[in-house]
Each structure stands twice: as C-alpha cells, then as structure tokens.
2 protein chains.
Amino acid sequence: MNGNTCIRLFADQAQIMACQVKLKTAQKAFSSLSAVLSLAGNEVRLKIMYLLEEENELCPCDLSDILGMTIPAISQHLKKLKDGGIVQTRKEGQTVFYSLVKEFLPTLNPFFTHINSETLKTEVP
Amino acid sequence: MNGNTCIRLFADQAQIMACQVKLKTAQKAFSSLSAVLSLAGNEVRLKIMYLLEEENELCPCDLSDILGMTIPAISQHLKKLKDGGIVQTRKEGQTVFYSLVKEFLPTLNPFFTHINSETLKTEVP
DNA sequence: CGATTATTTAAGCAATTGCTTAAATAATTA
DNA sequence: TAATTATTTAAGCAATTGCTTAAATAATCG
C-alpha cells in the first residue's frame with residue numbers, strides 16, 4: 001500500500017491502535033470464519049448444507065435431482081465443502097453419502113434457524 | 001441441464017420431492033441469506049463489520065489506517081456493504097461515518113460471538 | 001476564489017468462481 | 001470379463017472479484 005492514507009489531524013490514534021490489536025489477536029478466527037462464510041455464501045452450497053442438516057446424509061445423485069443441477073456441478077461444490085472440512089463422506093457400494101461434520105454445527109445452526117424463521121415469517125401471515 | 005441425472009432405482013422419490021418443496025418455500029430466505037454470507041465471506045469485509053459493531057461508527061479513513069489498505073479498496077468494500085443494505089452512512093463535514101444497519105444485527109451477531117469466543121479459546125489456555 | 005482534504009468512481013488487470021462437456025475411476029451386475 | 005452405474009477429475013470459458021492507479025466529486029479553509 002502506498003501513501004494514500006488520509007492526513008486528518010483529528011484521528012483517534014488510540015482507537016485505531018486498539019482496533020489493530022483486536023484484529024491481530026483474532027486473526028485466526030477471522031480467517032477461519034470468513035472461509036466458512038464464503039463457502040456458505042454460495043446459494044447452491046447453502047442449500048446443500050441445509051439439506052444435509054435436514055436429511056442427515058445425501059448422495060451427489062440425490063442432490064443433483066433435488067437441486068436440478070448436473071452431477072459434476074454438485075460434485076465440485078461438495079469437494080469445496082469437504083476441502084473446507086464442513087462435510088464428511090461415507091461410502092456404501094458405489095454410492096457416497098455426504099453429511100455435515102458435527103463440529104461445524106454451532107457455526108452453521110444460526111443460518112438454518114434464520115432460514116426457517118424467515119420462511120415462517122413470509123408463509124404464515 | 002442435460003440428461004446427466006443418475007438412473008438408480010432406489011431413489012427415495014418422496015424424500016426428493018419433499019426437499020424440493022422445502023427449498024422452494026424458503027427460496028427468498030436462501031437468496032437473501034446467501035447474499036449476506038457472501039459479503040461476510042470476504043475477510044476484509046468481515047473485519048469491517050466487526051469493527052463497526054465494536055466502535056459503532058467509523059469513516060473510510062479510519063478503516064484504511066486500521067486495516068492497512070488503500071482508501072479506494074476500503075471504499076469499494078463499503079459500497080458493496082451499503083448496496084447489500086448492511087451498512088448506512090452519516091455525513092459530517094467531508095467525513096462519512098459508516099455504521100451497521102441494526103436490522104441486520106440478529107444475522108450478524110452470531111459471527112461476532114463466534115469471533116470473540118474463538119479468540120478467547122486460543123488466548124486463554 | 002483557489003488549494004487542501006475526504007471520499008467516490010472509473011478503468012485496467014490478474015486471480016478466482018462456477019458452470020459445461022468429456023474423459024477417467026470405481027464399484028456392481030449380468 | 002464386459003457392460004452399467006455412481007462419482008470424480010480435467011479442460012475450457014464467460015463472469016465475477018478485488019486490488020491498483022488515476023481521475024472526478026465534494027466539502028472545508030485560508
């Protein structure tokens with residue numbers, strides 16, 4: 001970054017430094033949470049997570065049928081979720097069942113709660 | 001989408017249709033929530049939101065100093081947050097103060113709680 | 001008014017995303 | 001073993017993202 005900062009005299013230098021310290025101590029939390037949020041920030045993946053929560057486990061095939069998308073498209077989303085540690089797999093014959101990793105439920109549950117309450121709000125007048 | 005769906009005989013057709021119905025009723029909730037999550041899924045924007053929650057309001061100048069980024073970079077992130085309805089502005093002289101829109105706090109608070117608790121977890125052994 | 005300061009906007013560009021189609025892996029079944 | 005089925009991987013590509021630099025808007029102050 002070059003010298004594009006502002007020159008203002010009345011900057012609260014103490015406030016700025018305090019904020020920098022807060023960010024620095026929480027750095028790991030910010031990067032891990034933003035990684036999860038960016039995965040959940042895709043509408044298709046958010047739906048996949050929601051469905052896995054509701055149904056416990058689903059195969060790429062089911063998800064493809066439910067979401068009306070091609071298998072490779074689904075598979076690539078699942079790969080990202082698995083790389084992010086959010087889902088796990090169980091193989092049964094040639095079918096692979098995906099499910100949520102329970103350690104992530106505390107992070108994800110507020111999303112699902114939000115979805116359900118928003119839906120109720122609009123559906124029950 | 002072409003005919004790339006799977007052929008399996010033992011698909012639970014009732015389950016698939018039930019899932020489709022759930023998604024359809026919650027469609028608006030999914031699209032609005034994923035929009036917020038994708039904004040929060042950027043680490044810089046997540047930090048900006050967190051800082052606005054902690055400090056009540058900040059100007060682009062302050063955020064630039066705190067985050068060590070150029071003013072235009074910050075300004076563009078703030079524009080996205082404003083377009084998403086997450087932040088609002090108040091002008092005082094030539095300074096623009098940004099703050100969180102309170103209607104979003106129920107959605108955002110779990111993130112901040114998560115950040116704070118994760119940080120405590122790692123900092124207090 | 002003219003210079004300074006805070007912010008926004010625009011253009012450019014490398015990197016990433018999310019799909020498509022086609023091919024490669026595995027596991028099952030005839 | 002050969003054909004079928006479920007899934008993954010790879011390559012290609014249009015669209016989006018997030019920065020940079022430079023220019024445009026505004027508001028303040030001498």
Side-chain angles (χ1 to χ4, degrees), chain A residues 1-12 16 31 34-48 57-84 87-99, chain B residues 1-12 16 31 34-48 57-84 87-99:
Chain A
M1 196 187 80
N2 62 8
N4 204 2
T5 31
C6 15
I7 325 285
R8 74 212 183 286
L9 297 178
F10 205 55
D12 185 338
I16 288 172
S31 78
S34 67
V36 175
L37 294 179
S38 82
L39 286 170
N42 175 283
E43 190 172 323
V44 172
R45 283 191 299 263
L46 184 60
K47 287 176 177 172
I48 290 177
E57 59 177 17
L58 288 167
C59 62
C61 227
D62 289 333
L63 289 166
S64 164
D65 284 350
I66 295 168
L67 292 165
M69 295 177 62
T70 64
I71 303 264
I74 295 293
S75 181
Q76 284 157 18
H77 281 302
L78 289 170
K79 181 174 179 9
K80 289 186 181 182
L81 291 174
K82 192 171 184 186
D83 289 346
V87 303
Q88 60 201 163
T89 56
R90 172 179 80 83
K91 198 161 189 178
E92 189 179 313
Q94 44 183 341
T95 304
V96 178
F97 287 99
Y98 283 79
S99 57
Chain B
M1 197 187 79
N2 61 8
N4 203 1
T5 30
C6 17
I7 325 287
R8 74 212 183 286
L9 296 178
F10 206 55
D12 185 338
I16 288 171
S31 77
S34 68
V36 175
L37 295 179
S38 83
L39 286 170
N42 175 284
E43 190 172 321
V44 171
R45 284 192 298 265
L46 184 60
K47 287 175 178 173
I48 290 176
E57 59 177 18
L58 289 166
C59 61
C61 227
D62 289 333
L63 288 167
S64 164
D65 284 351
I66 295 168
L67 292 165
M69 294 176 62
T70 64
I71 302 264
I74 295 292
S75 181
Q76 285 158 17
H77 281 302
L78 289 170
K79 181 174 181 4
K80 289 187 181 182
L81 291 174
K82 193 173 183 185
D83 289 347
V87 302
Q88 60 200 163
T89 54
R90 172 179 79 84
K91 198 160 190 178
E92 190 179 313
Q94 42 184 342
T95 304
V96 177
F97 288 99
Y98 282 79
S99 58

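Below, chains carry the letters A, B, ... as their sequence lines are ordered, and counting in each starts from 1. Every heavy atom of this structure was used, including side-chain atoms; hydrogens, water molecules and symmetry mates were not.
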side-chain contact (heavy atoms from CB on, under 4.5 Å), paired with H77(A), selected from N42(A), V87(A), L39(A): N42(A)

Counterpart residues, side-chain hydrogen bond (donor to acceptor under 3.5 Å, both in side chains), relative to K79(B) (two or more places apart):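 K79(B) satisfies side-chain hydrogen bond (donor to acceptor under 3.5 Å, both in side chains) with D83(B) only.
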
Listed partners of T89(B) passing side-chain hydrogen bond (donor to acceptor under 3.5 Å, both in side chains), at least two apart: K82(B)

Residue pairs fulfilling salt bridge (Lys or Arg N to Asp or Glu O under 4.0 Å) with at least one residue in residues 34-44 of chain B, sequence neighbours excluded: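 As it turns out, the salt bridge (Lys or Arg N to Asp or Glu O under 4.0 Å) pairs with a partner in residues 34-44 of chain B, which skip direct neighbours, are E43(B)-K47(B).
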
Any pair counted as salt bridge (Lys or Arg N to Asp or Glu O under 4.0 Å), so long as it reaches residues 66-76 of chain B, sequence neighbours left out: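 Those involving residues 66-76 of chain B do not exist here.
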
Any N/O pairs under 3.5 Å between the protein and nucleotides 15-19 of chain C? List them or say none.
from	atom 1	to	atom 2	distance (Å)
dG18(C)	OP1	N42(A)	ND2	2.7
dG18(C)	OP2	R45(A)	NH1	2.9
dG18(C)	OP2	R45(A)	NH2	3.4
dG18(C)	OP2	K80(A)	NZ	2.9
dC19(C)	OP2	H77(A)	NE2	2.3

side-chain contact (heavy atoms from CB on, under 4.5 Å) partners of [X], counting only residues at least two apart:
X	value
D12(B)	A14(B), Q15(B)
S75(A)	none
T95(B)	C59(B), F97(B)

Partner nucleotide, any strand, of dT16(C) [Watson-Crick/G-U, under 3.5 Å]: dA15(D)

For dA24(C), the Watson-Crick or wobble counterpart (both distances under 3.5 Å):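 Checking every strand shown, dA24(C) finds its partner in dT7(D), with both distances under 3.5 Å.
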
Contact under 4.0 Å: Y98(B) side-chain N or O vs dA6(C) OP1/OP2: no

Nucleic acid footprint by protein, nucleotides 24-30 of chain D - heavy-atom cut-off 4.0 Å, B for base, S for sugar-phosphate alone: --SBS--

pair L63(A)-L78(A): side-chain heavy atoms closer than 4.5 Å: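 Sidechains of L78(A) and L63(A): in contact.
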
Sugar-phosphate only, base, or nothing, as touched by S75(B) at under 4.0 Å among non-hydrogen atoms: base

Rounded to whole Å, please give me the gap between [atom1] in [X] and [atom2] in [N].
X	N	atom1	atom2	result
L81(B)	dT8(C)	CG	P	12 Å
D83(A)	dT8(D)	CG	P	12 Å
L78(A)	dT9(D)	CG	C1'	14 Å
K79(B)	dT7(C)	NZ	C1'	13 Å
I74(A)	dT7(D)	CD1	P	11 Å

